[in-house]
Protein chains: 2
Amino acid sequence: MNTQDQRTREIRAQAKLGSDHSAMRARNERLVLTLIRRRGALPKSEIARLTGLSAQTVSVIMRELEADGLLVKCAPVRGKVGQPSVPMDLAADGALFFGLKVGRRRTEMVLIDFAGEVRARAAVRHDHPTPDATLRFAQDTITTMSATLTATERDRICGLGIGLPFQLWDWAEALRVPEDTMRPWRSRDIRSELAATLPWPVLMENDASAACNAELIFGDGTLPQNFLYAFVGFFIGGGLVLNGTMFAGAHGNAGALASMPVPDGRGGSRQLVEIASLHHLEERLRATGGDGRFLWESVEGWDIAPEIIDPWIAEAARGLAHVTASAVALCDLDALVVDGWLPTPLRDRLCVETAAELARINLSGIAPPEIIAGQAGPEAREFGAASLPLSARFLLELGSLPNDTPHPGEA
Amino acid sequence: MNTQDQRTREIRAQAKLGSDHSAMRARNERLVLTLIRRRGALPKSEIARLTGLSAQTVSVIMRELEADGLLVKCAPVRGKVGQPSVPMDLAADGALFFGLKVGRRRTEMVLIDFAGEVRARAAVRHDHPTPDATLRFAQDTITTMSATLTATERDRICGLGIGLPFQLWDWAEALRVPEDTMRPWRSRDIRSELAATLPWPVLMENDASAACNAELIFGDGTLPQNFLYAFVGFFIGGGLVLNGTMFAGAHGNAGALASMPVPDGRGGSRQLVEIASLHHLEERLRATGGDGRFLWESVEGWDIAPEIIDPWIAEAARGLAHVTASAVALCDLDALVVDGWLPTPLRDRLCVETAAELARINLSGIAPPEIIAGQAGPEAREFGAASLPLSARFLLELGSLPNDTPHPGEA
DNA sequence: AATAATTAATTCATGTTTATTTATTTATTG
DNA sequence: CAATAAATAAATAAACATGAATTAATTATT
C-alpha cells in the first residue's frame, strides 16, 4: 500500500447490516482510537490486552493508523523489565472538523483538530438568526478558513457538525421579532442544503445535544456511563448519555429538557423552559425596568441584583431537580451534568441549589445522582457541533470498559 | 463438522472488545435469527438482500442454523419466475428457556420454546415471597420440568431468566407483614445462587423490564423503535425501549416508573407508585370497608364499585400522563405501551384516560406519543423473564431495519 | 563492572476462518 | 425452449491468530 493510498484511506462506515472483513477491521480501528481517546496514549501491547486482539493484529492496525496520520509515537517508557513500550497517542493533525453553532445573538464557527484543539474561530452577530444568513456565513467561513490551510490539511477535513437550537421557528415571540420572521426555519433543512455544497458529511443535532457530545468526547473521562446533561442557554436543552454514548432519539430530539413538565407549585404543571432559561431571566430583568441584552454580549461580568437572580436560581434549581428525579428514575442515571451560557460562579450556584432541591424530593427507590459542573463551559455547543463528525467517523459506541463495573444481572 | 458438533455448536457470545472471525460469524448468525424473528419466515435470498451479505454466505450460515436445529424450511413458494424460494422459519424446538417471576401472592415458572410457546407452567402461592422458598421452588420446578423432557430437549435448554420486583425489601409495610420479613431480599443475590447450581446462564431484571422484553420480542413487530412500557401490578414498573432494544441502565433499574415524581395536585409532588398501583387500589377498597384480596387471586371477574375504580383510574391516568410527557421529552419516544395485571377492559380504560390526560398537558415542542395496549397481557412478566436468556443468546441489538425511517441528521 | 538470565514489546512467516466472486445447477414461468 | 431467480460449489481474498524470532530493556550473579 503506497503513501497516497494510506492518506486517503478511511475508517469505513458500516452501511450494511451484515458484517464482512472490512467491517471487522473498521470496528477494530475505531476501537483502538476510542480507547486511546478515553484513556490517553497507550502502547500496542496494552491495546492488545484491553481489546483481546492478538499482538500481531494490533501491531498491524496501529502501524496503519500511524501511517494514516491518526496516531503518533510518544517517548518510549523505560524503567520496567523488558523492551520499553512505545505509547501511541492521537495525532492532533490527523483530522479537522468544522462546527457551526446557531445562537440567539451570534452564530459561530470553529475548526478543531483531532485532539479537540481550536484551530480557527469566526462569528457573526445578528438580532435573530435566519437560514439564509446562516448558510452564507457557514459557506463563507468554510472557504476563508480552508484558504488558510495547506493542501494536506484541507484533505484532512472530515466533516461539518451543526448545533441548531430546538424548534427555532417558535422563537419569534421570545426574540420579540415579528411572528413570521422565524418561520423559514420550519421548512428549511440547512443540513441538506449545506451537505449539497460540501464534499464531506454534514451532521446536525440540537445545540444542547451537541454540547453534551463535547462533554463526552473531550471530557477528562471521569464522567459516569449514564447521565443527563443540561445546557442553560437562551432556552434550556439537554442531552442524554446512556451506556457511555449519546442517545439522540428517533427524531434527534432526545434530551428536550425544555418541554419537560414540572410542577408549578400551584397544583398544575408547566414546562421547564418557562423557569430555567436565560429568556426567563431576561424577562425578570425587563419586568423590573432593566435591560437584559447584556446577557447575550458576554458570559462575564454579569451584574444582576440579588432580588432578581436569587429567585431565578431557586426556581430553576427546583425545576431542574424535578426533571432530574424523573430522568434518574426512568433511565437509571448516575449524574446530572450542568453547564450553560453562564458565568462560572452562577453555574456552580445552580449546581449546589439543584442538589439541595433534589434532596427535598422523595427519591425512595432510586440512588440520588451526583450533580456535576460541565467541563466544556459556555463554548460547549460549538465544540460539540464539531465533535459530531469526529465521533461519527472515528469512534465506536462503546459501553463500559474492563475497568468499569458492569451492571449486575448478566451471566 | 459432524452432527454431534453441530448440535453442541453455540451462537457465540462476544466477551472481548475486539472483533475476530468468530465474532463476525456470530453477529451474522444472530442477525439472521433476529430478522426472521421480527419479520417472520424468510428465504435465503431475501436474507441476503436485507443483510447485504452475499448469497453464498447466507446460504452457508442458514444451512448451518438449520443443521443446528434453529431454523426449519417452510413450504416452497411458487408462482414467481425462477426457482421457488424456500422460506425458513424459527424452529420452535430449537431452544428452551425457563422464566421465573416472583410476585406478590404467587411465584411462577414457565418453560417456553424458541417460538415463544409455553411448554410447561408451575406456580406456588404464598403470603409473601422469601428468597429461600423462591430458590427451592425454582430448583424443584426445574428438576420436575426437566424430567418430562427427552435428553435431546434437555440439551436445548439455554438459560433461566428471573423477573424480580424492584426493591422487594421495602414491601413489608405494603404487604402487611412484619418489618424484617422482607429484609433478606436485600442481601441475597438469588441470581448468583441459582446460577451456581445450574449449568446455563441465569439472567435477572426487574419484573416490569422483563415484561417489556416479552412485548419487544414476541410482539407482532408493529411497535415503534422507541417507547416506554408500563406494567401495573402490585406496584408499577416499566421498561424503556430505545433504538428497538431494551435499555436496562447501569444498575438494571431503568424504567423505574414507581419512583418518578408526579404533581400531587396541591403544589407538591409524590411518587407515581402512590397513585398508579394495585396496592393503592387495594387500599381504597379497604378504606371503604372492602377486601382487596381478590385482586391477587385472578385477573378476571373484578367487581369494583365505580366510586372506587373511577377515581383510581383517573388519578393513575393523570400520573401516567405526567410521567409519559417527561419520558417523551427526555427520550424522544413514539409511544407508551400500557399493560398490567388488570382485566383487559380496565387496562383499555386506563389507556384511553391516559391519552385524555396527556392532551391536557402542555406538550409544545414534543410530538404527542401514541398510547398502545400491551399484547402480552397479565402474563407478560413470566414470558418476559424467559425471554431474557433468549435475547441474550440469540438476538442482536438491532436498531431500525431498512424499511423503517432513520432519524434525520445523518450524513 | 561485566556478564548472563529473564522479561516484555514488537514483528515476521505461516495458518485458519470467513466472506466474496464467479460459475454452475436447479426449478419454475411464459 | 428461453428467461429468470434461487441455491450451491469452487476458487479467491481479507483479516485475525499462532508461534518463532528479534530487540531492548531490567535483574541477578560473578
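A note on names: the letters A, B, ... follow the listed sequences, proteins ahead of strands, and every chain is numbered from 1.
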Using the benzene-type ring in the case of Trp, are the ring centres of B:Phe114 and B:Phe394 under 6.0 Å apart?
-> yes

Looking at residues at least two apart in the chain, or sitting in another chain, which of them share a salt bridge (Lys or Arg N to Asp or Glu O under 4.0 Å) with B:Arg49?
-> B:Glu46

For nucleotides 7-10 of chain D, print each protein N/O atom paired with a nucleotide N/O atom at under 3.5 Å, atom names and distance only.
unit_1	atom_1	unit_2	atom_2	d
D:dA7	OP1	B:Val86	N	3.1
D:dA7	OP2	B:Ser45	N	3.1
D:dT8	OP2	B:Ser59	OG	2.5
D:dA9	OP2	B:Arg63	NH1	3.1
D:dA9	N7	B:Gln56	OE1	3.1

Tell whether A:His21 reaches the base of D:dA15 with its side chain through a donor-acceptor pair below 3.5 angstrom.
-> no

Would you please enumerate the stems DNA chain C participates in, each stem being three or more consecutive Watson-Crick or G-U wobble pairs with both distances under 3.5 Å?
-> C:1-30 with D:1-30

Taking only Lys NZ, Arg NE, NH1 and NH2, and the carboxylate oxygens of Asp or Glu, determine whether B:Arg30 and B:Glu397 approach each other closer than 4.0 Å.
-> no

Please tabulate, for side-chain N and O atoms in residues 76-87 of chain A, each donor-acceptor pair with protein atoms closer than 3.5 Å (sequence neighbours left out).
none

Go through the structure and list residues passing salt bridge (Lys or Arg N to Asp or Glu O under 4.0 Å) with A:Asp113, not counting sequence neighbours.
-> A:Arg119

Below 4.0 angstrom from OP1 or OP2 of C:dA19, is there any side-chain N or O of B:Asn28?
-> yes

Quick one: pull up CZ in B:Phe218 and CG in B:Leu390 and give me the separation to the nearest 0.5 Å.
-> 5.5 Å

Salt bridge (Lys or Arg N to Asp or Glu O under 4.0 Å) filter on B:Asp89, not counting sequence neighbours, yields none

Per the side-chain contact (heavy atoms from CB on, under 4.5 Å) rule, which among A:Leu203, A:Val202, A:Ile217 passes with A:Leu388?
-> A:Leu203

Under 4.0 Å: is that the gap between some side-chain N or O of B:Arg25 and OP1 or OP2 of C:dT18?
-> no

